[in-house]
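Numbers restart at 1 for each chain; the letters A, B, ... are given by sequence-line order, proteins then strands.
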Amino acid sequence: MLLFVSRFAKKGPAYYEPRYSYPSLSVPLAPFFSNMTARYKEFKYLNLPSIEKEILRKWEEEQAFQKSVELRQGAQPFVFYEGPPSANGMPGIHHVISRTLKDLVCRYKTMQGFQVQRKGGWDTHGLPVELGVEKELGITKEDIGKTISVADYNQKCREAVLRYKDKWDDLTTQMGYWVDLKNPYITFTNEYIESLWWCLQQLYKRNLLYKSVSIQPYSPGAGTGLSSHELNQPGTYKMVKDTSATVVFGLKKTEHSAFLFEKVSGEAVGILAWTTTPWTLPSNLGLAVGGNVDYVLVKTFNPYTHQPQNVVMAKALLHKYFKSEGENADFAAYKEGDKVVPYQILSEFKGAELENLPYEQLLPYEANSLEAVRAITPDAKPFRIMVGDFVTTEDGTGIVHIAPAFGADDFKVGKKYGIGILTLVDREGKFVDGLGEFSGRFIKDYKNEQGYVDVNVDISVKLKKEGRAFKVEKYEHSYPHCWRTDKPVVYYPLDAWFIRTTALKERMVELNKTINWKPAATGTGRFGQWLENMVDWNLSRSRYWGTPLPIWRTEDGSEEKCIGSIAELNAEIRKASEVLGGETNKHYLHDGILDLHKPYVDEVVLVSDSGKPMHREPDLIDVWFDSGAMPYAQAHFPFENKEFFANNYPADFIAEGVDQTRGWFYTLHALGSMLKESVHEELKAAGFKGDFEAKYPGLAYKTVVSNGLVLDKNGNKMSKRLGNVVDPFKTIGDFGADATRWYLITNASPWDNLKFDLEGIKEVQRKFFGTLYNTYQFFGLYANVDGFSYSEAPIPVKERPEIDQWILSSLQTLVKKVTAAFDDYEPTVAGRLIEDFVDEHLSNWYVRLCRRRFWKGEYEGDKIAAYQTLYECLETVVRLMAPISPFFSDELFRNLNAVTGRFSEESVHHVLFPKADEALIDTLLEERMQLAQDASSLVLSLRKKVNIKVRQPLQKILIPVLSSGMEAQLRKVADLILAEVNVKELEYLTETEGFIKKKIKPNFQALGKKLGARMKVVSTALAEFSQHDITLFEKEGRYSLPIDGIYVELTLSEVEIISEDIPGWTVASKGALTVALDINVTPVLEQEGNAREFVNRIQKVRKESGFELTDRIAVTVGGSNGLEASLQQFKSYICAEILADKLEFVPQIIDGIEIEVNEEKLKVIVSKM
RNA sequence: AGAUCCGUAGCUCAGCCUGGUUAGAGCACUACACUGAUAAUGUAGGGGUCAGCAGUUCAAAUCUGCUCGGGUCUACCA
């Protein structure tokens, strides 16, 4: 019964077509098929994209992903966290690499028997979303609350945030990334936010959440703080010329500063400090020096008043203020206008000696009096010199003027020394009252005033006149500007909420040491450094679309509440309504709060314990908190899913780009460390048992892989502006996800930057997938002919031919190495190993050498062994490669398994990863096969050198053997070598002296330790060895070498002896292996050569005539004058080769095909029997 | 500015951890073969100051330090 119809592909689409397909039948198929001999699917072309489409269809139909998780129900979980992408922008090729990495690890672990659940997620809050919406609506932040309500604005954000979700889902599907897209976590949902609130409340309860001022970039023009993101907009940093001033602070005379005053016999001593922002000088409260920096006390003149002056500055910066000719010049002769100002160094000392010395205030006013300072900071001790590690001698004087309100470093060092803080500039950018002539003036031209006079100049002029300025000049530097107003930014103290991460620093550093970082250097380096220099986490963001800070405060700030759940908030809402009465919270009484975003939470008023109304702190929190809290929030922990959480925390594995080191990797780690006790408490309370310390050590993840960037092929960053972005959809569509994935993984280690080049993908496609495809195709072709379906019992490997044992041994070695590489999160190594095996071993050696076994002879012993062996190789390789290239591997697996049914699973992703069978590994065998390959390669190169083609048989090769082991090894592979290079016999040369020329050299590795410095002498001595010396050495097995009168004993293992030449023979060598070839072509050999050539031509004719592999033929040869003898001689050989039942010779043929055999032309007629 | 990664053939990368004497592979190029796996394959050839300098060592692509170039992150500070 013939059910198959042959359908030869005509021109057709450029994708494979099965050679056979089933006709459509309306009757049930199963009974017909059950007794059909299944055939391996053969391809017409290799077209990965269309194979992938088909596989995707099957996965969808079979729910293959879900099944891969369900099949492992009850198995040990392997926990993976998905770092949520923002669907606010289009996915790029760089997303493909990190997702490939995630996917392959998860697939691998599934194949290792773990259950790997992968919940997808979306990051939905944050500034980019807001900016996108503003651009779309053509509005700015100022419009919010005016032309658009906060509610509408946030609604727009909510709609915009998943704008490209479909595109992302498409990419996820097409690239074969298995992740649960149906049930993802979304950071804007109430449940998610509720978990975030729980986290925040836990931190609050542990006193890790506090409000404080911090110095942040601030735009007086726009009246708002700026994020680092805003500051990093292109064009914000501009070169500007500012009035800079070096000013003189008068040092006070005290016991500790006496050492300076002694040098100047009681005259005044000034400290020089430099600033590019003179407007900060009234707010000055301290000076900072470098503890290890060298300073000098210099006697000189003030360049503006020309009065004598003694000043302190960094030694390294003297040249910026003084011309060297002035050193120790005549002070008495100095007069106003002199170009060279005399100076004299009176003393030199370290900055540390200046610590805590008091000085006179530079610009005292009412608003910056000591009383005013202490009114803000009661115990403040301002106007002192401090030591700060940030002080350098790059610019200025090496002494930094400190106004704690207007610089982050200033604030930090000021806090450390307790000098207080003064903010004498208001939020509009003008001086406050109580500063005399400067009050009310804008520090920069923020209002575009007509004829604005720069107050910085006026301050400088005033100081000049008073002799308190030492140098005033325009200074050009790069300074940040507000991207909206284009006005310079100032650093300004703003209220903000902080997480006290520094309190847990030790724990975070310790725990980091237990994390498996790939590459390790990122953990100790970039991340370790970051932890060491940790500052408290500024959570506050003045925005609209984000997670609101759940803290309500009374107006005076004396009482506050941190809310940790929706239920708690609703209870508080009702309570406040009852206590405060009136309209309070009336919209939220009935159903409670329905949306935890602005503006709704801001409308809620709570009541303090003492009965005062409390309003929410207006800030939103940093979106990084959203993603860092995903282990808890994705499960809505602790409100639900405690069991899931208990089993899925911490993560065994996460992976993202290296740019996340201080982003997601940090926030996950920080929250993990800080919430450790909270997690323990919740789980204990819920009745979970076990060693909590071991199970939940405060770690959020155990292994983290950080992948590098994807650059364009020239090494430039991809950007829309440069137009060098690679469209992942096009790439996958053109070349297939598998080729793309394989390329991304094997081209460079994931953590190295990748120079993305489409040529590389093409290469992978051709080289790896093409080779594998050919190998499979080859197998399928003959297996279908012979009906091989692995129905016979496996032939014990030991009973199979040497070459089968070899390829299986190599295969097991491969399994071992690939497993180790995957276990070590080194997919690049794994992929390259597989590639090498398929190309070098399987295709170019095993299949090439074994071709005949598949198409010659009967279907029995040796042939079945060949099929079984090749089948096992293919079946194993597809499982090894499945994590990296999930599609093609599954296609091949299904095709193989459809015939043999060796696995009950329907997909390669459901089966277990191969386990290496150590018993099959035979290193000696692998070694001698290498020897065979080398020997063959040498013979082929010799043939090439003397121009004798491989089809011409030769008589003999000669191989000098240097040890009995080598001979034994060679003997086992001699037949392979001879067949491969078409030579009749192999002779082993054991004769030692005279014939083979040998060379000796030291085995450096072995001798190095023993000889040390005498190595060179020994090396030279060995180079001078005669053939006789070498022979003697070999015979004795040892040699005494006189070196400087002392004999050095050498053994054979400490030297290498190689055969270099066999005089009179054509030889070639590689390492210790030398091969000589007998290039004499005797008449008999020539005849055989002719016969082989003839066979080759006829085979070509067969193929061109479109005969089937098994067709028998009849051949008539005409005009074969010079060749007939050869052909007659080898007639039976020829007939067997070309499947001819008849081979006849006639004097002449009129028609027929002309062929050429070794320069002789003849005609043949080839016909089917 | 600081931290970190990278720099090996025209291109993409091994090798470096654990130092050993002719530094490898693929692509590309040139030439020649092979051909019942054929949109393959083999052989041979040219092509390298292992970024540079210094140090340690009998011996350095490999270990150490510095410099240069590129990337990334963090910062932008008188």
Exercise. What does Q1099(A) touch in the nucleic acid at a heavy-atom separation under 4.0 angstrom: a base, only the sugar-phosphate, or nothing?
Worked result: base

Polar-atom pairs under 3.5 Å, protein N or O versus N or O of nucleotides 6-14 of chain B: list them with distances, or write none.
{"residue": "U12(B)", "atom": "OP1", "partner": "K755(A)", "partner atom": "NZ", "Å": "3.3"}
{"residue": "U12(B)", "atom": "O3'", "partner": "N747(A)", "partner atom": "ND2", "Å": "3.4"}
{"residue": "U12(B)", "atom": "O2'", "partner": "N747(A)", "partner atom": "OD1", "Å": "2.3"}
{"residue": "U12(B)", "atom": "O2'", "partner": "N747(A)", "partner atom": "ND2", "Å": "3.3"}
{"residue": "C13(B)", "atom": "OP1", "partner": "N747(A)", "partner atom": "ND2", "Å": "3.3"}
{"residue": "C13(B)", "atom": "O3'", "partner": "R832(A)", "partner atom": "NH2", "Å": "3.2"}
{"residue": "C13(B)", "atom": "O2'", "partner": "R832(A)", "partner atom": "NH2", "Å": "2.8"}
{"residue": "A14(B)", "atom": "O5'", "partner": "R832(A)", "partner atom": "NH1", "Å": "3.2"}

For this session: Determine the contact category for D410(A): base if any of its heavy atoms lies under 4.0 Å from a base atom, sugar-phosphate if only primed atoms, P, OP1 or OP2 are that close, otherwise nothing.
Result: nothing

Exercise. If you check the N774(A) side chain, which of C58(B), A40(B), G26(B) turns out closest?
Worked result: A40(B)

Problem set entry | Sugar-phosphate only, base, or nothing, as touched by Y782(A) at under 4.0 Å among non-hydrogen atoms | sugar-phosphate

Exercise. Looking only at atom C1', what distance separates U8(B) and G52(B), rounded to whole Å?
Worked result: 14 Å

Exercise. Across the strands shown, which category fits T661(A) at heavy-atom distances under 4.0 angstrom: base, sugar-phosphate, nothing?
Worked result: nothing

For this session: Could you check R766(A) against E763(A) for salt bridge (charged side-chain N to carboxylate O under 4.0 Å, His left out), going step by step and ending with a plain yes or no?
Result: CA-CA 5 Å; R766(A) 204 174 58 237; E763(A) 193 182 319; 5.7 Å; no

Problem set entry | Residue Q1005(A), side-chain atoms from C-beta onward, closest of A37(B), C27(B), G20(B) | G20(B)

For this session: Would you mind classifying the nucleic acid contact of K767(A) as base, sugar-phosphate or nothing, using non-hydrogen atoms under 4.0 angstrom?
Result: sugar-phosphate

Exercise. So, is K412(A) close to the C77(B) phosphate, meaning a side-chain N or O under 4.0 Å from OP1 or OP2?
Worked result: no

Exercise. At under 4.0 Å between heavy atoms, what does G1008(A) touch on the DNA or RNA strands: base, sugar-phosphate, or nothing?
Worked result: base

Problem set entry | Paired nucleotide for A40(B) [Watson-Crick or G-U wobble; both distances under 3.5 Å] | none

Exercise. Using a cut-off of less than 4.0 Å, is there contact between a side-chain N or O of R851(A) and OP1 or OP2 of A37(B)?
Worked result: yes

Seminar exercise, completed: Partner of C73(B) under the Watson-Crick or G-U wobble criteria, both distances under 3.5 Å, comes out as G2(B)

Exercise. Across all strands, who's sitting opposite U18(B) as a Watson-Crick or G-U wobble pair, both distances under 3.5 Å?
Worked result: none

Exercise. At under 4.0 Å between heavy atoms, what does Y491(A) touch on the DNA or RNA strands: base, sugar-phosphate, or nothing?
Worked result: sugar-phosphate

Seminar exercise, completed: Checking N1-N3 plus N6-O4 or O6-N4 for Watson-Crick, or N1-O2 and O6-N3 for wobble, each under 3.5 Å, the partner of A60(B) is none

Exercise. At under 4.0 Å between heavy atoms, what does V950(A) touch on the DNA or RNA strands: base, sugar-phosphate, or nothing?
Worked result: nothing

Exercise. From the list C77(B), A37(B), C58(B), which nucleotide is the closest neighbour of the side chain of K1016(A)?
Worked result: C58(B)

For this session: Using the side chain to side chain donor-acceptor pair (under 3.5 Å) rule, pick out the option among T246(A), T277(A), T280(A) that qualifies with H401(A).
Result: T280(A)

Exercise. Considering every strand shown, what is the Watson-Crick or G-U wobble mate of C53(B) when both distances are under 3.5 Å?
Worked result: G65(B)

Problem set entry | With sequence neighbours excluded, residues passing side chain to side chain contact (heavy atoms under 4.5 Å, CB included) with A1021(A) | L1041(A)

